[in-house]
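Read the structure below first, then the notes.
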2 protein chains.
Amino acid sequence: MTPDVAALVAMTLDAVIVAVSQGRPRLLVVDEPGQLPALPSGPLDVERDATLELGLRRWVRSRTGLEVGYVEQLYTFGDRDRRPDAGPQRQVSVGYLALVEETEPPLDARWIDVYALLPWEDQRDAEPSPEEAAIRAALASWVAAGPDADVRRERAERVAVNFGPPWDGIRALERYELLYGAHLLPEWARDTGSPPPSVDTGIALRFDHRRIAATALSRLRGKLTYRPVVFELLPERFSLLELQHTVEALAGITLHKQNFRRLVERSGLVEGTGQRARSQAGRPAELFRFRPSVQRERPRPGVGVPYR
Amino acid sequence: MTPDVAALVAMTLDAVIVAVSQGRPRLLVVDEPGQLPALPSGPLDVERDATLELGLRRWVRSRTGLEVGYVEQLYTFGDRDRRPDAGPQRQVSVGYLALVEETEPPLDARWIDVYALLPWEDQRDAEPSPEEAAIRAALASWVAAGPDADVRRERAERVAVNFGPPWDGIRALERYELLYGAHLLPEWARDTGSPPPSVDTGIALRFDHRRIAATALSRLRGKLTYRPVVFELLPERFSLLELQHTVEALAGITLHKQNFRRLVERSGLVEGTGQRARSQAGRPAELFRFRPSVQRERPRPGVGVPYR
DNA sequence: CTGAATTATGCTCACTGGGAGCATTATAGG
DNA sequence: CCTATAATGCTCCCAGTGAGCATAATTCAG
């Protein structure tokens, strides 16, 4: 039972590099003529890279000039059909999540709105967007089109659990997979050679990269609640409203302003600097900074997002 | 920036197969003469296994006869030195967590107490065990032995955060890595050719398998709080005390009995069956069963473990 | 200079969920 | 019948959190 045999596979490291600006979460994609956008992706240098993460950092630096701060391994994708273009060799991708303060779009790459990829994940508006309404309608048809009562019940169940209420932001990946399984995504059509679906489900990426992006969003939303990762996306000093907008952008929901302030101040997550923000309209806000020692005081310091 | 190059690596699938019996969490290991125990590990069948998870299920079934229920990908380990025995080819392991009801130890394998591997992770006793006390003392020496004040402060910080109070069960992996970095584990000695440490830090496994086990424990403890995974480890019907003991075994802490009952009943996680447990001493307990529809009602149904 | 608009900040009130412990019930074994 | 043991029921208290009102400190239009 010991690994007398190991499979030889082709491995790449794919990065979901996330930033938040103007209240929108964004991720880095690269374009190639005549192709869908793709996540930045690079090889491991088997000789030089002592660890996978170092390999990721190395090629992200060399190809985009970005020095990423927070990096976390996401998931390893190795389905047989994930790269139908690539012949019989199994193509394995180790996906990583990286967080950066937004900078100029680096070489060859551009920032793209996460909710342009996954429009149904933005629940910040009271009313669902037209796209989301259409997707929900298409899901309802899919439920109704089940061949028998059992299948219909099971489909209804899955839609109810994943699309709420209550809305669970962390289920982003499951929602993506449900839409795939309901044949509502162009990726499904591409993978099976079927005609494309009629609903608009946002911008698709190449290969399974949109799925990787959904994985990243799920993970990031989860992490938010128990580790102080938001601060990786913010400048050293920020107002509480900037912090709140960043959290809201990632979580995809809106929060109560006064309560957010109370939560974040009383939890010891931040401390005031005495400085004031350059004021535009209204009372100028105090600038805060992250308070790292919170990690000594509270076991799981995060911004408790009330997914209801 | 697209993967024009992918690295060729040797990949295995390693499984942390967990069960709970007699109030102790256990995992499956395999022995080979003259070697430390190892996690069961097998290759991907590049042609037949459509997905990595199916590959794992296939070889676990064929080698151990176990049909695992819940399976979840844990992490991908690809450090250069993780398999110093294996030559220049990079050895990548995709670790999986699998949960089963405990059965007879299957072919060639045996169950081993998780806390025999990670003794400091069991915080159920009011008093720390002798091993744990020794480990804490060794950590204190390591802090004090830092070359300068900055290093000592940073070490003290890490020890304080990870070994509490407050105790955070989810930091099992970080604690393992801290002990490794403090040169208190035989794995470190083995990897660096140093003399073995003098403290007893529990049973080591081959390669980086104890680290993979620590990863599994961290993940499982986290999952417990927001997904109803405990029930994968229990029979169809169980008393609330059995449920509580299973949770406690995994979480490594004890819980207040009446409050646990209240939590688990009021949350809709279980429902009574009207049946009574075969009684030994004391009032016979009612048998409960998992109530799957809880997932439709509550976004993140789990057993909220109060790591303080 | 004044008032409206805008944003930050302070505070209260009600509710809920969880921590702790006391009380009662149902069984086995003598 | 009495005691030990475990299950179950219930209360009290407190911290956290959802909701909203009130006040402070600015900018900007007139």
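Just so we're on the same page: letters track the sequence lines, and every chain starts at 1. Just so you know, these numbers use all the heavy atoms, side chains as well, and skip hydrogens, waters and symmetry mates. Since this is a predicted model, take the numbers as computed values, not measurements.
Between B:V100 and B:Y70 there is no side-chain heavy-atom pair separated by less than 4.5 Å.
Using a 4.0 Å heavy-atom criterion, one finds that B:Q258 contacts the bases of the nucleic acid, with or without backbone contacts as well.
A donor-acceptor pair shorter than 3.5 Å cannot be found between the side chains of B:E174 and B:Y176. Between the side chains of B:R171 and B:S218, no donor N or O sits under 3.5 Å from an acceptor N or O. Judged by distance alone, the side chains of B:Q22 and B:E102 never bring a donor and an acceptor atom under 3.5 Å apart.
Contact annotation: side chain of B:H256 to base of C:dG21, donor-acceptor pair present below 3.5 Å.
When each of B:L240 and B:R262 is assigned the nucleotide of DNA chain D with its nearest heavy atom, B:L240 is the one assigned upstream, toward the 5' end. Toward the 5' end of DNA chain C, the nearer of the two residues A:R276 and A:G282, judged by each one's closest nucleotide, is A:G282.
Atom pair A:F238:CZ and C:dA8:C1' shows a separation of 16 Å (rounding to whole Å applied). For A:R261 and D:dG18, the CZ to P distance is 16 Å, given to the nearest whole Å. Counting to the nearest Å, the P atom of D:dG18 and the CD1 atom of A:I253 are 10 Å from each other. As a whole-Å value, the separation of A:E286 CD from C:dT7 C1' is 15 Å. Counting to the nearest Å, the P atom of C:dA8 and the CZ atom of A:R283 are 10 Å from each other. The CG-P distance, from A:N259 to C:dC13, rounds to 15 Å in whole Å. Spacing between atom CG of B:L263 and atom C1' of D:dT8 amounts to 16 Å, rounded to whole angstrom units. Per the geometry, CG belonging to B:L255 stands 12 Å off P belonging to C:dG18, to the nearest Å.
Cation-pi contact between A:R221 and A:W167: absent, since separation from the ring centre below 6.0 Å together with deviation from the ring axis within 45° is not met.
When the side-chain nitrogen and oxygen atoms of A:K257 are compared with OP1 and OP2 of C:dT7, none of them lie within a distance under 4.0 Å.
You'll find that the side chain of A:P284 is closest to D:dA25, out of D:dA7, D:dT8, D:dA25.
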